[in-house]
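No hydrogens, no waters, no symmetry mates; every other heavy atom, side chains included, goes into these values. Proteins come first, then strands; the chains are lettered A, B, ... in the order of their sequence lines, and each starts at number 1. Treat the numbers as computed from the prediction; the structure is a model and nothing was measured.
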Number of protein chains: 2
Amino acid sequence: MGISDRKERERLEMRELILTEATRMFAKVGYEETSIRAIAKKIEYSPATIYNYFTDKDDLLMAVQEVAFNRLLVEFAKTVSIESPLDRLYAIGRIYVEFALANPEHYQLMFILAAPMKFIDHGVKWEMGNHAFGFLRQTVQECMDKGLIKHYSDSRLASVMLWGQVHGLVSLHNCHRLSILQMQESELHDTIFASLQTLLRMLSAG
Amino acid sequence: MGISDRKERERLEMRELILTEATRMFAKVGYEETSIRAIAKKIEYSPATIYNYFTDKDDLLMAVQEVAFNRLLVEFAKTVSIESPLDRLYAIGRIYVEFALANPEHYQLMFILAAPMKFIDHGVKWEMGNHAFGFLRQTVQECMDKGLIKHYSDSRLASVMLWGQVHGLVSLHNCHRLSILQMQESELHDTIFASLQTLLRMLSAG
DNA sequence: GGAAACAATGAACACTGTTCACTAAGTTTG
DNA sequence: CAAACTTAGTGAACAGTGTTCATTGTTTCC
């Protein structure tokens, strides 16, 4: 049936139109500050139309989160060619930090906002998070297999420590809490990268 | 003039009434989910009355942040009797984590929400943050003076690394991002404390 | 050509933070 | 004591939010 194929295609195109605009606007002014009405106006449709393609704003948020995660994963994938797992680990951390600094609003809806996790906890898995974390953990495991990280025996624990370190610093920075250091923007960035490097050095010097 | 004294006192009492209720409700359901109308109803006043004591919701938020910070600082103060600066450092970290886990919504408005920092960056200092960070930094400095932390020469940098580590883990946990570890709540808590301990051990084993 | 399916929407609902003219009470003055 | 002034409290309104739903107009099917 060619007609229903076309309908399906048009439906996906419409969904994509909304999603693309939402992704752009969420990145620009943030999730909370972007209204359904504003998205509708930009794509020249009625606000109610959006609800024919997404059940609610949270659903839209989840879709944008997926887009953002895929962008991060594309960056992560560039590190597979790095042979030394320790170098690769640093590269992953660096990419994570750079992503967070370059896309603060997307970072927020991936790792900070409570909203997208509503239906998590109810048995539903957080697939995107799992995927990204798995990528990190794999490299950490490789480091441990080669005896490059000795402080830990469980790659999950070492990974979560690394994740916590970089997430902590970039999120403090993105919400202006590091202003107390009275540093220039570039100095702050350097501080974050240096902390990552220090942590890795200490972990590998076990 | 006794009357204007009484008026001043009554004004402060009214401010306190609003602030107390706001503090309670922000802790219970969070800042965003607490409406001015709900606070007004609870204290049996009109919503407009609140605006006679606080310029807007952000102003109220800042006042609650101060209350929350004072509570954290009271806990911090209990560590001054610990002689070993390294033990004291661990105690401070533990208190920080426990506070964040016990008061997630207050933690959020102290360290995560962007709103209260609007007028920061414009030259205004973030006094409460400075105060709490100063407390941490002092102990870190003492550790360095006694040669207990060798990886760093600047206590600011060592402090911000520690802060980043604990903030990262508790904030990931509080917004359910650590669900991917599929651990029990108590296991997650242990993991956070263990990470703090590991970091301190590594820093002191320089 | 008439019936069924469906995408798009205008209007409404229940909220939100916030403002402001107005009331009523308390305080100061003549 | 009464009149003038100050001030705390408020009802009503405004502009905005996410969301729902009956109605429209078009397309597809028989």
Among residues two or more places apart or on two chains, list those pairs meeting salt bridge (charged side-chain N to carboxylate O under 4.0 Å, His left out) that have a residue in residues 38-64 of chain B. B/D58-B/K118
Under the salt bridge (charged side-chain N to carboxylate O under 4.0 Å, His left out) definition, can you give me all pairs with a residue in residues 14-23 of chain B, not counting sequence neighbours? B/E21-B/R24
d(CG, A/N52; P, C/dG10) in whole Å: 13 Å
Below 4.0 Å: OP1/OP2 of C/dA8 and any side-chain N or O of A/S46: no
Going by side chain to side chain contact (heavy atoms under 4.5 Å, CB included), name the residues that satisfy it together with A/A38, two or more places apart in sequence or in a different chain. A/M25, A/S35
Summary of protein contacts for nucleotides 20-26 of chain D, nucleotide by nucleotide, where a base hit scores B, a sugar-phosphate-only hit scores S (4.0 Å, heavy atoms): BB-----
Qualifying residues under side-chain hydrogen bond (donor to acceptor under 3.5 Å, both in side chains), relative to A/Y53, sequence neighbours excluded: none
For DNA chain D, what residues of residues 14-37 of chain A have any heavy atom nearer than 4.0 Å? A/T34, A/S35, A/I36, A/R37
Between A/Y96 and A/F76, what is the ring plane arrangement, given parallel below 30°, perpendicular above 60°, and tilted in between? parallel
It should be established whether B/Y53 places a side-chain nitrogen or oxygen under 4.0 Å from OP1 or OP2 of nucleotide D/dA8. no
Side-chain donor-acceptor pair under 3.5 Å between B/H131 and B/E127, yes or no? no
Between B/Y31 and B/H106, do the side chains contain a donor N or O and an acceptor N or O under 3.5 Å apart? no
Thinking salt bridges, do B/K28 and B/E33 make one under a 4.0 Å N-O criterion? no
